[in-house]
Amino acid sequence: GIQVEQSPPDLILQEGANSTLRCNFSDSVNNLQWFHQNPWGQLINLFYIPSGTKQNGRLSATTVATERYSLLYISSSQTTDSGVYFCAVWLPGGYNKLIFGAGTRLAVHP
Amino acid sequence: GAVVSQHPSWVICKSGTSVKIECRSLDFQATTMFWYRQFPKQSLMLMATSNEGSKATYEQGVEKDKFLINHASLTLSTLTVTSAHPEDSSFYICSARGIGQGRGSYEQYFGPGTRLTVT
């Protein structure tokens, strides 16, 4: 089956630092989403990004579908950015399944 | 828009009892709802997919008689953990995908999760 790999698994930042999270996938996918799971467990949709680049405030994401990877950029990190970041992909033809990566656990210290 | 709620947010029950968890799409109609399970410091594991008015499709290894899923309307799905045991303790999260969301019909929106503890 398709493999979704995220790196790094853990990341510690000082407030104000920038970071890049990576998501590699082993096969062609229909769509890709990035989520932030906050410390209370709520998953928050960050980006729905099958290809191209999108920006939302301090966050931006780029997906290069032909090279099977996506990047999530966090600029000027804040303590509220702490949590786990997941990427998840839809299988071609399997519109009912999101396959999640293992996540990147981010801790931002003041 | 695209808000999904879950109830209860946490529940403690005794071994052998059943627990029902509700998942509602508040501002859109969910043609498909999904139930996930998450263990501490792990990723989400899909348990089952339910389409309104039809039987749920369970992932391999998930006991359909233990985890009963009902998707009776376009805004409500329920997960009932029957005869719960301590190993069923986990964080259960639902998500919904539906019509009228405007951003493409594949995007899923997640509920806040339900933390189940079986004693």
Side-chain angles (χ1 to χ4, degrees), chain A residues 1-7 9-11 21 23-25 28-52 54 56 61 63 65 82-107, chain B residues 1-6 8-10 23 28 30-52 54-60 62 69 71 90-99 101-116:
Chain A
I2 190 168
Q3 304 295 315
V4 181
E5 296 180 351
Q6 291 187 242
S7 60
D10 296 281
L11 186 58
L21 281 58
C23 174
N24 292 333
F25 38 97
S28 299
V29 298
N30 276 355
N31 288 294
L32 184 144
Q33 289 185 246
W34 280 98
F35 300 93
H36 174 217
Q37 187 171 37
N38 67 23
W40 297 271
Q42 171 78 63
L43 270 90
I44 299 162
N45 290 37
L46 297 178
F47 294 101
Y48 175 76
I49 183 165
S51 63
K54 291 186 178 180
N56 185 1
T63 296
S82 297
V84 184
Y85 290 81
F86 290 105
C87 74
V89 301
W90 290 99
L91 295 178
Y95 303 134
N96 274 345
K97 279 195 182 183
L98 259 184
I99 307 299
F100 278 81
T104 292
R105 191 171 299 273
L106 173 64
Chain B
V3 178
V4 177
S5 70
Q6 267 183 256
S9 55
W10 60 270
C23 176
F28 67 100
T31 52
T32 306
M33 286 185 166
F34 306 85
W35 288 94
Y36 295 83
R37 186 172 181 177
Q38 187 180 31
F39 291 105
K41 299 197 176 183
Q42 293 189 22
S43 190
L44 279 73
M45 181 190 77
L46 179 65
M47 298 174 66
T49 302
S50 72
N51 292 295
E52 185 265 338
S54 61
K55 288 185 178 180
T57 302
Y58 290 81
E59 294 299 301
Q60 194 171 7
V62 177
I69 292 171
H71 191 163
S90 190
F91 191 54
Y92 293 88
I93 309 173
C94 73
S95 72
R97 172 168 69 82
I99 54 181
Q101 291 168 242
R103 276 210 258 175
S105 59
Y106 304 132
E107 189 166 2
Q108 286 189 25
Y109 295 89
F110 284 78
T114 296
R115 199 163 301 280
L116 170 63

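The shown structure was predicted, so the numbers you read here are calculated from the model rather than taken from an experiment. Each chain gets a letter, A, B and so on, in the order its sequence line appears, and its residues count up from 1. Computation of the quantities below employed the complete heavy-atom set of this structure, encompassing side-chain atoms and omitting hydrogens, waters and symmetry-equivalent molecules.
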- With sequence neighbours left out, write down each residue that passes salt bridge (Lys or Arg N to Asp or Glu O under 4.0 Å) with B:E59, or none if nothing qualifies. A:K97

- Message: Restricting to ring-ring contact (aromatic ring centres under 6.0 Å, His included), what partner residues turn up for A:F35, sequence neighbours left out?
- Response: A:F100, B:F110

- Task: Mark yes or no for whether A:Q33, through its side chain, and B:Q108, through its backbone, hold a donor-acceptor pair below 3.5 Å.
- Result: yes

- What distance do A:Q37 atom CD and B:S43 atom OG have between them, rounded to the nearest 0.5 Å? 8.5 Å

- Task: Go through the steps to decide whether B:L44 and A:L43 satisfy the test side-chain contact (heavy atoms from CB on, under 4.5 Å), and finish with yes or no.
- Result: CA-CA 10 Å; B:L44 279 73; A:L43 270 90; 4.2 Å; yes

- Query: At their closest point, which heavy atom of B:Q38 faces which heavy atom of A:F86, and how far apart are they?
  - Reply: NE2-CZ, 3.8 Å

